[in-house]
Peer 1: 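Just passing along the structure, written as structure tokens.
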Amino acid sequence: MPQIAQLAATYSSQIFWLLIFFGFTFFAVGRGMVPKVMDTVAQRDKQIADDLLAAERARKQADEEEESWRKRENANRAQAQALIAEARSKAAAATEERLAAAQVLIDSKLAEAETRIAEARRSAAAEIEDVAADAARDIVSRVAGLSLDDTAVRSAVKENLVHG
Amino acid sequence: MAAEGKVDPMHQFTIQPMFGSDGWNIAGYNVAFTNSSLWMAIAAALLFVFVAGGAKRQLVPGRWQMAVETFTGFVDGMLAANVGANGKKYVPYIFSLFMFILFANFLGLMPLGVLGLHPFTFTSHFSATGVLSILSFSIVIIVGFAKHKLHFFSLFVPHGTPALMIPAIFVVELISFLVRPFSLGLRLFVAMMAGHVLLEVLSSFVISSGNANLGLFAIAGVPSFILMVGICALELLVAGIQAYVFALLTCVYLNDAENLH
């Protein structure tokens, strides 16, 4: 077993070179480069955490902005609705006014027409009286050979038209 | 050896000085640059290249960076789970330990023999694993005493021990504590050595039976070869698990030092 058989001859060389090379490994690799590697990993982890935090913050801000936009939008909509309602009521009032004016005009025209009709009826009635009186006098003169007084005939006719 | 029809399963663990460095020594201690040292150097160099390739610090990592970050994240998670928030400062050490052992274990299993190279698994030598385990154990003791002063000895007296039992329990706990560096180093060394010996023994069956005759090769050689393929996969698993166990137990011991219990 060379490990034991050669121990006396080689132990010092084994210990010496192991210390040299393990020392090199420890100082150059372990102390020199491993902290840098670990640092890189830590930096990356930190960056990822920071990015996630920033994304979370941006999301929250977007939510807030959306909320305020919604509020503004709702206010605008309400305002628009109010405007529409106002315009509508204004238009309705104007229409009503114009309708009322037209009604007055129509009423006056109607009244005028009615007076005209009454007038016409009255003149027509007078004419009928005249015609009836003439006709009655003619009939009387022809049938009875009497010549009657115009006034008497007219009054008789008037009486008959009124009562008859 | 194959030509002689005889395979020495322990030969692969022989340490040989390389590049004529046999006589190098510091203060009388031999520090020859051996094949073991060479594979330590290769493991360290490959680990350096691997991590350097992943230290590009890109925000969106490439595959290589992702792989390195997976390992650092794994070690970081292991320390966080076993030691807690205080464990962060041990990441460089545990990472170096885990990756160095992992690379060493895997490099020793590489089929470089077909290229004429001889992979050497230095983690199959307790003189190497012992250094790592003593290193871990020293850190535990230094941190423990620096942080808790003499109060660290309360580690050896679990909560709720009756006063009468304290001396006995203290001794038992102290022994179990002192055994830790040995168990830590021996576990890795034994696991790696056993796997390599098993592979070598099975390969010797394949070679010997192949040299003997066709019938024996069919009966013993072919099944051994198939078994070797399976055990190679198992050894790859063991290589990862042993590196993990070494790092994990170091974390558990560090937890004792950091937080007592």
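Order of the sequence lines sets the chain letters (A, B, ...), proteins ahead of strands, with each chain counted from 1. No experiment lies behind these values; they were computed from the predicted model shown.
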Peer 1: Tabulate below the donor-acceptor pairs under 3.5 Å that side-chain atoms of residues 20-37 of chain A make, not counting sequence neighbours, or state none.
Peer 2:
unit_1: Thr25(A); atom_1: OG1; unit_2: Phe21(A); atom_2: O; d: 2.8

Peer 1: Report the residues that fulfil side chain to side chain contact (heavy atoms under 4.5 Å, CB included) with Ile15(A), sequence neighbours left out, ordered by chain and then residue number.
Peer 2: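 Expected list: Tyr11(A), Leu19(A), Val131(B).
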Peer 1: Where on Leu135(B) is there a heavy atom nearer than 4.5 Å to chain A: the side chain, the backbone, both, or neither?
Peer 2: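 Contact with chain A is through the side chain of Leu135(B) alone.
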Peer 1: Under a 4.5 Å cutoff for heavy-atom pairs, which residue among Leu97(B), Val75(B), Thr34(B) has the most contacts with chain A?
Peer 2: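 Of Leu97(B), Val75(B), Thr34(B), Leu97(B) has the most heavy-atom pairs under 4.5 Å with chain A.
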Peer 1: If we define contacts as heavy-atom pairs under 4.5 Å, which of Gly73(B), Ala45(B), Gly130(B), Ser124(B) has the most with chain A?
Peer 2: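 Most pairs with chain A among the choices: Ser124(B).
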Peer 1: Looking at Met110(B), I'd like to know if its CE atom is crowded, meaning that more than 12 non-hydrogen atoms belonging to other residues, nucleotides or ligands lie closer than 6.0 Å.
Peer 2: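 Atom CE in Met110(B) is packed in, count exceeds 12.
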Peer 1: How close do Trp17(A) and Ala32(B) get, heavy atom to heavy atom, and via which atoms?
Peer 2: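 In terms of heavy atoms, the two residues are closest at NE1-O, 3.1 Å.
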Peer 1: Under a 4.5 Å heavy-atom cut-off, does chain A meet the side chain of Met99(B), its backbone, both or neither?
Peer 2: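 The answer is neither part of Met99(B).
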Peer 1: Looking at CG of Leu18(A) and OG of Ser36(B), how far apart are the two atoms once the value is rounded to the nearest 0.5 Å?
Peer 2: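 Answer rounded to 0.5 Å: 8.0 Å.
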Peer 1: Return the CE to CD distance between Met38(A) and Glu69(B), rounded to the nearest 0.5 Å.
Peer 2: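 These two atoms lie 10.5 Å from each other.
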Peer 1: Of the backbone (N, CA, C, O) and the side chain (C-beta and beyond), which part of Leu132(B) lies under 4.5 Å from a heavy atom of chain A, both, or neither?
Peer 2: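 Both backbone and side chain.
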Peer 1: By a 4.5 Å heavy-atom criterion (distance strictly below it), what part of Ala52(B) contacts chain A: side chain, backbone, both, or neither?
Peer 2: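 For Ala52(B), heavy atoms of backbone and side chain both lie under 4.5 Å from chain A.
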Peer 1: Less than 4.5 Å to any heavy atom of chain A: does that hold for the side chain of Phe95(B), its backbone, both, or neither?
Peer 2: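 It is the side chain, since no backbone atom gets that close.
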Peer 1: So what's closer than 4.5 Å to chain A heavy atoms on Phe100(B): side chain, backbone, both or neither?
Peer 2: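 It is the side chain, since no backbone atom gets that close.
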Peer 1: Side chain, backbone, both or neither: which part of Lys88(B) has a non-hydrogen atom closer than 4.5 Å to chain A?
Peer 2: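 For Lys88(B), side-chain heavy atoms alone lie under 4.5 Å from chain A.
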Peer 1: Looking only at heavy atoms and a cut-off of under 4.5 Å, which of Asp76(B), Ile94(B), Val60(B) has the most pairs with chain A?
Peer 2: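 Of the options given, most contacts go to Asp76(B).
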Peer 1: Can you pull the ring-ring contact (aromatic ring centres under 6.0 Å, His included) pairs that have at least one residue in residues 66-89 of chain B, sequence neighbours excluded?
Peer 2: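 Matches after skipping sequence neighbours: Phe50(B)-Phe71(B), Phe74(B)-Phe98(B), Phe74(B)-Tyr244(B).
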Peer 1: When only heavy atoms count and the cut-off is under 4.5 Å, which of residues 39-62 of chain A reach chain B?
Peer 2: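 Listed by number, the contacting residues are Asp39(A), Thr40(A), Val41(A), Arg44(A), Gln47(A).
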Peer 1: Counting neighbours of CZ on Phe182(B) that are heavy atoms of other residues, nucleotides or ligands and sit closer than 6.0 Å, is the number greater than 12?
Peer 2: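 It does not: Phe182(B) CZ has 12 such atoms or fewer within range.
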